[in-house]
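Report on the structure given below.
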Amino acid sequence: MTDKTWAEVDDYLTGALLAPDPVLDDALADSAAAGLPSIAVAPNQGKLLNLLARLSGARAILEIGTLGGYSTIWLARALPVGGKLVTCEYEPKHAEVAKANLARAGFGEDVAEIRVGAALDTLPTLTGPFDFVFVDADKANLANYVRAALELSRPGTTIVVDNVVRQGRVADAGSDDPNVRGAREMFDVLAAEPRLDATAVQTVGTKGHDGFVLGIVR
């Protein structure tokens with residue numbers, strides 16, 4: 001198996017199960033045109049987030065790491081009427097691109113609110129509980145984001161953390177990569193945290209070899 005095969009399978013799965021979506025395509029195109037890094041979730045992963053949020057019956061969603069708003073749109077589409085999403089983005093430029101992408105998707109700030117600044121500064125100012133939390137920000141702080149998410153959760157809240165396998169390097173206890181060390185610290189937190197029941201799954205696809213954590217607050 002190669003990265004090329006993984007990408008081909010992802011393309012097939014996306015083509016088989018996801019209808020063409022100009023709004024999402026434009027969000028990716030505008031993000032690229034603005035110079036944002038090409039690190040948004042894959043389409044089939046975006047749909048997975050959407051389904052998980054709907055399965056959880058989420059009316060209040062928290063996203064940590066907005067980028068250009070691609071995953072934000074998927075999550076906002078899972079909200080029922082009257083639901084609200086809050087998303088945290090460090091870079092003002094990214095937030096501006098995301099705001100435009102969300103507006104084109106039909107989500108104003110009354111539904112999808114972008115908070116600009118360091119998430120660890122923003123999170124203590126938020127009022128929970130949130131029903132669904134998606135963590136997709138800098139990996140060195142994953143443990144801190146999970147701790148903060150727990151404080152904004154309730155029993156039954158779903159927490160998803162992306163990019164936790166790091167091309168398999170998460171298994172290297174001696175790694176000096178801050179992203180790997182951040183992921184491993186997060187796993188230590190998960191293992192010791194009695195309030196959270198979680199598992200992790202490794203994935204392959206257009207984004208290479210990685211994986212995510214899926215947890216539920218006890």
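Computed from a prediction, not measured in an experiment: that's the story for all the values here. Basis for what follows: all heavy atoms, side chains included, without hydrogens, waters or symmetry-related copies.
- For Glu89 (side chain) and Leu67 (main-chain N/O), a donor-acceptor pair under 3.5 Å exists by modelled atom type.
- When side chains are defined from C-beta on, Val170 counts as touching Phe187, because their heavy atoms get closer than 4.5 Å.
- Inter-residue side-chain proximity for Asn50 and Leu75 is flagged as unmet; no heavy-atom pair is nearer than 4.5 Å.
- Pairing each heavy atom of Leu62 with each of Leu152, the nearest pair is CD2-CD1, 4.0 Å.
- Look at Asp131 and Arg154 and you find a salt bridge, because one of the NZ, NE, NH1 or NH2 atoms lies within 4.0 Å of a carboxylate O, short of that distance.
- Taking the side chain as every heavy atom from C-beta outward, Phe130 and Ile61 never approach each other to under 4.5 Å.
- Inter-residue side-chain proximity for Asp26 and Asn101 is flagged as unmet; no heavy-atom pair is nearer than 4.5 Å.
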Working for side-chain hydrogen bond (donor to acceptor under 3.5 Å, both in side chains), residues His209 and Gln167: CA-CA 5 Å; His209 178 202; Gln167 295 76 48; over 6 Å; no
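- Put simply, the side chain of Phe132 reaches to within 4.5 Å of the side chain of Leu52, judged on heavy atoms.
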Derivation of the salt bridge (Lys or Arg N to Asp or Glu O under 4.0 Å) call for Arg77 and Asp21: CA-CA 13 Å; Arg77 287 176 171 178; Asp21 198 319; 2.5 Å; yes
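- At least one donor-acceptor pair closer than 3.5 Å links the side chain of Ser56 to the backbone N or O of Ala53.
- The structure places OH of Tyr90 at 9.5 Å from CG of Asp121, a figure rounded to the nearest 0.5 Å.
- At distances below 3.5 Å, not a single donor-acceptor pair connects side-chain atoms of Lys93 with backbone N or O atoms of Gly35.
- Ion pairing of Glu113 with Lys84 is present here, as a side-chain N (NZ or NE/NH1/NH2) and a carboxylate O approach within less than 4.0 Å.
- A salt bridge does not link Arg115 to Glu63: none of the charged nitrogens lies less than 4.0 Å from a carboxylate oxygen.
- Between Ser71 and Val41, the shortest heavy-atom contact is CB-CG2, 4.0 Å.
- The two residues Gly215 and Leu196 make their nearest non-hydrogen contact at C-CD1, 4.2 Å.
- Put simply, the side chain of Leu102 reaches to within 4.5 Å of the side chain of Ile114, judged on heavy atoms.
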Residues Asp162, Val135; criterion side-chain contact (heavy atoms from CB on, under 4.5 Å); working and verdict: CA-CA 6 Å; Asp162 203 11; Val135 180; over 6 Å; no
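- A salt bridge links Glu8 to Lys4: at least one charged side-chain nitrogen sits closer than 4.0 Å to a carboxylate oxygen.
- Distance alone, capped at 3.5 Å, is enough to place a donor-acceptor pair between the Gln45 side chain and the Ala42 backbone.
- When atom types are taken as modelled, the side chain of Asp210 and the backbone of Val165 share a donor-acceptor pair closer than 3.5 angstrom.
- With contacts defined as side-chain heavy-atom distances shorter than 4.5 Å, the pair Leu150/Val217 qualifies.
- Ala183 and Leu142 get closest at one heavy-atom pair: CA-CD1, 4.1 Å.
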Steps toward side-chain hydrogen bond (donor to acceptor under 3.5 Å, both in side chains) verdict (Tyr145, Asp138): CA-CA 9 Å; Tyr145 294 142; Asp138 60 298; 2.3 Å; yes
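- Considering every non-hydrogen atom in both Arg59 and Val81, the closest pair reads NH2-O, 3.4 Å.
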Intermediate values then yes/no, side-chain contact (heavy atoms from CB on, under 4.5 Å), Val201 and Phe212: CA-CA 6 Å; Val201 177; Phe212 63 93; 4.2 Å; yes
Candidate pair Asn44 and Asp10, rule side-chain hydrogen bond (donor to acceptor under 3.5 Å, both in side chains), full reasoning: CA-CA 7 Å; Asn44 52 345; Asp10 256 8; 2.9 Å; yes
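- A donor-acceptor pair under 3.5 Å is absent between the side-chain atoms of Ser175 and the main chain of Asp172, judged by distance alone.
- Here the rule is side-chain contact (heavy atoms from CB on, under 4.5 Å) with Val213, and of Val164, Ile159, Asn163 only Val164 fits it.
- Residues Ala58 and Leu79 approach most closely at O-CD2, 3.8 Å, considering heavy atoms.
- Residues Thr72 and Leu85 are in side-chain contact: their nearest non-hydrogen atoms beyond the backbone lie under 4.5 Å apart.
- For Thr122 (side chain) and Cys88 (main-chain N/O), no donor-acceptor pair under 3.5 Å exists by modelled atom type.
- Surrounding CZ of Arg181 are at most 12 heavy atoms belonging to other residues, nucleotides or ligands under 6.0 Å away.
- No donor-acceptor distance shorter than 3.5 angstrom exists from the side chain of Arg218 to the backbone of Pro155, with no hydrogens or angles considered.
- Counting non-hydrogen atoms of neighbouring residues, nucleotides and ligands closer than 6.0 angstrom, the NZ atom of Lys99 reaches no more than 12 such neighbours.
- We find that Arg104 and Asp30 are joined by a salt bridge, their nearest charged nitrogen and carboxylate oxygen being less than 4.0 Å apart.
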